[in-house]
Amino acid sequence: MEQHIRPGHLTAAQARQVLGDISAGALRNLVWRGKLTRSGGTERYPYYAVADVTTLAAERHQRGAA
């Protein structure tokens, strides 16, 4: 199924890659803990804002490098 998403948003699979190739469960856990919020899509196929994902990825990288 081809997905059409708004510019500036990522699918869950794309967000997982940006965040370091994390599992789907790890992504859901980040949402559940309030570290990342959905910005569109459906319950089954959520979208995430690029800015939110890249900010979280940078924070995670900083913690790993420290």
Exercise for the section: Take Y48 and H9 through the test side chain to side chain contact (heavy atoms under 4.5 Å, CB included) and record every step on the way to the result. Expected result: CA-CA 5 Å; Y48 302 93; H9 290 81; over 6 Å; no

Fill in the blank from the handout: In terms of heavy-atom contacts, A49 and S39 come closest through N-OG, 3.1 Å

Handout entry: Test: E59 and K35 ion pair at under 4.0 Å
Key = no

Problem - ILVMFWY network linking Y47 to L30, side-chain heavy atoms under 4.5 angstrom - result: no

Exercise for the section: Examine V50 and V31 and state if one hydrophobic cluster contains both, with Ile, Leu, Val, Met, Phe, Trp and Tyr joined whenever side-chain heavy atoms are less than 4.5 Å apart. Expected result: yes

Please tabulate, one pair per line, all N/O donor-acceptor pairs under 3.5 Å involving side-chain atoms of residues 14-28, not counting sequence neighbours.
from	atom 1	to	atom 2	distance (Å)
Q14	OE1	T11	N	2.8
Q14	OE1	T11	OG1	3.3
R16	NE	I22	O	3.0
S23	OG	A26	N	3.1

Exercise for the section: Spell out, as yes or no, whether a donor-acceptor pair under 3.5 Å connects the side chain of T54 to the backbone of A51. Expected result: yes

